[in-house]
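Working notes, structure below.
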Amino acid sequence: MFRDCRKASFGSSFGKQPATAPFVIRKPALLFAALLVAHVPLAAQDGGKLYATYCSACHGADGKGAAAGTFPPLAASPWLKGAPDRAIQVVLHGLEGPIQVLGKNYNLAMPPQGGTLPDDQIAAILSHVRKSWGNQESAVTADQVKSIRAATAARTEAWTAEALLKLHPLPLEKTALSGLTSAFHKGQWKDLPDFKKLKPESVEEEHDGILSLSDAPAKEHFGMVWEGKFDATAAGNYAFRLDADDSARLWIDGRVVAQVRGIGPIKPQRQKIGRLKLTKGLHDFRLEYVEFTGQEGLSLAWTGPGMDVWKDLSDRPSKDAKLWPEILLTPTPQETSIYRNFIAGTTARAIGIGLSGGMHFAWSADHFAPELIWTGKFLDAGRHWTERGQGNQNPAGEAVTKLGKDFALRGKDGKALPDLRFGGYQLDQIGQPTFRVRGDGFELHDAFRAEPSGMLRRIEVTGRVPDGATLTLVDGLPLVAESDGSYRLGGKLRLAAPDARKTGDRTLILPLRSGLRSEIRYLSK
Amino acid sequence: MFHLRSSAILGALFCSAVASAAVQSDYYLREEIPLPPGEVMEIGSIALMPEQKIAVTTRRGDLWICSGAYGEDLSKVTWSKFARGLHEPFGMFWKDGSLFLTQRPEVTRIKDSDGDGKADEFETINAGWGINGDYHEYAFGTRPDKNGDIWVTLCLTGSGSAASNWRGWAMRITPKGEMIPTCSGIRSPGGMGFNAEGDVFYCDNQGLWNGSSSLKWLKPGSFQGNPTGNKYHTLAKLPAPPQPKDKSRVLTERLRFPDFVPPAVVLPHGIVGQSPTGIEPDTTGGKFGPWENQLYVGEQTHSQVQRVCLEKVNGLYQGAVFHFLEGFEAGLIPLRLDPSGILFTGGSNRGWASRGTKPFTFERVRWKGVTPFEMLTVSARKDGFVIKFTEAVDPATAGDPKSYAMKAWTYILQSSYGSPQVDASVPEVTAIEVAPDRKSVRLIVKGLVRGHVHEIAASGVRSAKAQPLFHPTTWYTLNEIPN
């Protein structure tokens, strides 16, 4: 690809020193002296005006978050409550990645402003923010900003919400729980025991109504049972969101509402949401919890009629397991799905193809082969089509099978063929692709068509392919031969390739020759 | 009778209101072009096609073709989906029956070969640069230059590192599909374009090694200021690009390194936007106003279009930026100016917020034939500036130094994010010459500073018709003081 770069007209004198450089010595001294004067002096900083200039595009002129709240709000945000250190840190160094504000998830990046805004301007902006839109916090002084700037001068990375909260946790507020007690039990449980038959080691009153493991007398092999009253402020539908490491079970009015069973960490797949109707008033609340060994953790949050946020009942904030809305792409007999974005388990230039037969694949334009195939659902584009679209997306379906992880076109010596280029693709009437690979003197066409129980792959070679060249079909999967001559690919899928050759237990290759036309079938049954 | 009289009074009131406070719609008509219902049209590039059709790509990877966007009645606009499954294209043009796209991983030619209205041929012309799955590794592309080459700028990984080949570089992709590394020192481009002479420019966003967003000239072989991607010179056996000193100044470093081309026009951060994007020259011959050969620069955060006039002094581009159009419905990304004088803009605020509150937009702007009273151009002299106006000025106010306020500053060139305004000074307008035709003034200024942004607020100037300037302030980047 870069064959022509060297002789390319890279026009000028990169790296050469100028013949004469009269200013080099004189000017910098002057400029560096001036650096100490720092920013353009403005007598008194107008926080509202500065906010409008630097912040309002994202956080909104009304502090509610721009674009109907697709950016985090500052109005009523707990992130601004209490000491200003947390907010000063965010402004100085920026904040990247997932963050929850008032029960809603965001996954954006706030650029650091410490290099742009001097201490007095940051103080003015934060003072404005902490006193606007119903916020009622103290003003921030330039000295407060200055001391935090000095203390974190070595920091070069933006904060993550998680790291910042470890330093400056959000203030806890009294919850909807009253008359709360916590009972501590000792025992080695891998799941919830019948606590009603057990006698606790100790019982404490929890006047703040907050579920917390921080004061538990043990770090492993224990259980807790909290009991109290949950205050439903209005009649209607309520939901409770429960995470536990390891097990937990929530009872309201003697009924199980949500439970996380067995041993495991807090992760989206283990999160449980329970829903029920409540009348206005106090309801019996009971939460059971077990920690076996290792990490411990518990989160519980609720939402009720007319609320669009989740409220925590635990000191560990509850997180929405879903970081983005689902946008499922589904092929139809009239329209094949095609998805060009970052797919997990293959290379950055992989192209996702969803066929109406129910088999899908990701064809790597870096390695020139399908590297993943799967069945069922095709792809959820929600991750990439909302906010900034960070990260790689996993296939949405089942039986995800990794067919390869390296260059598929190889020479007689087993090395990748040189000078290969991805040539693009052609789509048929319903959008099914034929990929093109261009080599030195030959072209390989790699066509995929839906079939009722899988897909057909048709390979054609035109021009002169080097002697002994091969195309890797499977690399690194156990190949079990079936009676019909096909191979079972590790798990559920099969491959039938009459012209292919098995080399070793886990590799299947197709010998290439000029004029080759070969058919390969991938079968889901 | 009564009816007539009251409307006459209203008319009089209306006229006096216009006279006292001009608004953008007196001069330019901004209209939203209806989009296909139910579709998410986060527009990343626009191409003008034959028969007054317009192609747009979306960040989700669709390509739609619009008919009727030139018509008086925009309710007649129709759309057809031409392609999908593209990888976030930020550059497109039509040539010889095909659309050419700069997608995140490659430059592609796409075509409808069987005439069914849908693209079926997707030919990869070049995929020679690295991507690794980082969302910030954007690629922006131009239309073809005089040689037919497409210029591509490659954003840094996460905008702060260079984890894939050629990140932080500008490449040329030849019609034969060769890739020519052409400039280094790039951080995070937001758009590209040519000036009227055909030189290539891009907008780089404030951040590491970039004190303020600015319009930069991609002179072949140049270094643009951010050394993060320098290491890739070894891939093509090119000489190492400059390695500027941290916490220095652009002027200091570019005098040490002649290949370091300073920003042509700094777009002062916060004042003239926060995320500059598409670039389009006005070569309409006056169909969009009297701004012949000037550049329009899109702005994502502030949902605006700025206007830039350029001049070359001692071999470097420099010039002034003016606020121009505002109030767009979302953050603007691409601009396309049709030769007939219609400016098409598209945009999105997904992931980066904007003053315009809609999630995406497609708009057009037409000139109403009435020119606002504005500074037309600003040009540097060895002892000041010459400002041309769009109409004759009132010599009393335009000739009074008190009508002008000046400030000058620059930014720190540093490895950390952005910069405050530093090294501030207050140049003084000591004398003024009003030209005999009263359409320009020459300011004699004491205290010009080489390398600084010079803000000129001409708030006291009045036109011969006693009007104030529609946009009274300009910012001139004085890379070189003419002899």
* To do: Assess whether salt bridge (Lys or Arg N to Asp or Glu O under 4.0 Å) is satisfied between B:Arg84 and A:Glu335, documenting all intermediate values.
  => CA-CA 11 Å; B:Arg84 62 213 161 74; A:Glu335 197 172 77; 3.6 Å; yes
* Part of A:Gln429 within contact of chain B (heavy atom distance under 4.5 Å) -> side chain
* Structure fact -> Residues passing the salt bridge (Lys or Arg N to Asp or Glu O under 4.0 Å) test with A:Glu443, sequence neighbours excluded, are A:Arg438
* Candidates B:Glu88, B:His87, B:Glu42 - the one meeting side chain to side chain donor-acceptor pair (under 3.5 Å) with B:Arg59 -> B:Glu88
* Asked: Does B:Phe360 have any ring-ring contact (aromatic ring centres under 6.0 Å, His included) partners at least two apart in sequence or in another chain, and if so, which?
  -> none
* Asked: Parallel, tilted or perpendicular: which fits the ring planes of A:Trp385 and A:Tyr339, with parallel below 30° and perpendicular above 60°?
  -> tilted
* Does B:Arg104 count as lying over the ring of B:Tyr138, i.e. NZ or CZ under 6.0 Å from the six-ring centre, within 45 degrees of the axis? -> yes
* Checking B:Asp134 side chain against B:Gly158 main chain: does a donor-acceptor pair fall under 3.5 Å? -> yes
* To do: State whether the side chain of B:Glu299 and the backbone N or O of B:Ser275 hold a donor-acceptor pair below 3.5 Å, judged by distance alone.
  => yes
* Taking non-hydrogen atoms and a cut-off under 4.5 angstrom, which of residues 348-355 of chain A neighbour chain B? -> A:Ala348, A:Arg349
* Using non-hydrogen atoms and a 4.5 Å limit, figure out which bit of B:Asn132 sits close to chain A: side chain, backbone, both or neither. => backbone
* Asked: Does any heavy atom of chain B fall under 4.5 Å from the side chain of A:Ala109, the backbone, both, or neither of them?
  -> side chain
* **Near-ring test B:His302/B:Trp352, centroid separation under 6.0 angstrom** => no
* Contacts with chain B made by residues 54-63 of chain A (heavy-atom distance under 4.5 Å), listed by residue number -> A:Tyr54, A:Ala57, A:Cys58
* Between B:Trp209 and B:Tyr417, does the ring centroid distance fall short of 6.0 Å? -> no
* To do: Could you tell me if the ring centre of A:Phe448 sits under 6.0 Å from that of A:Phe361?
  => yes
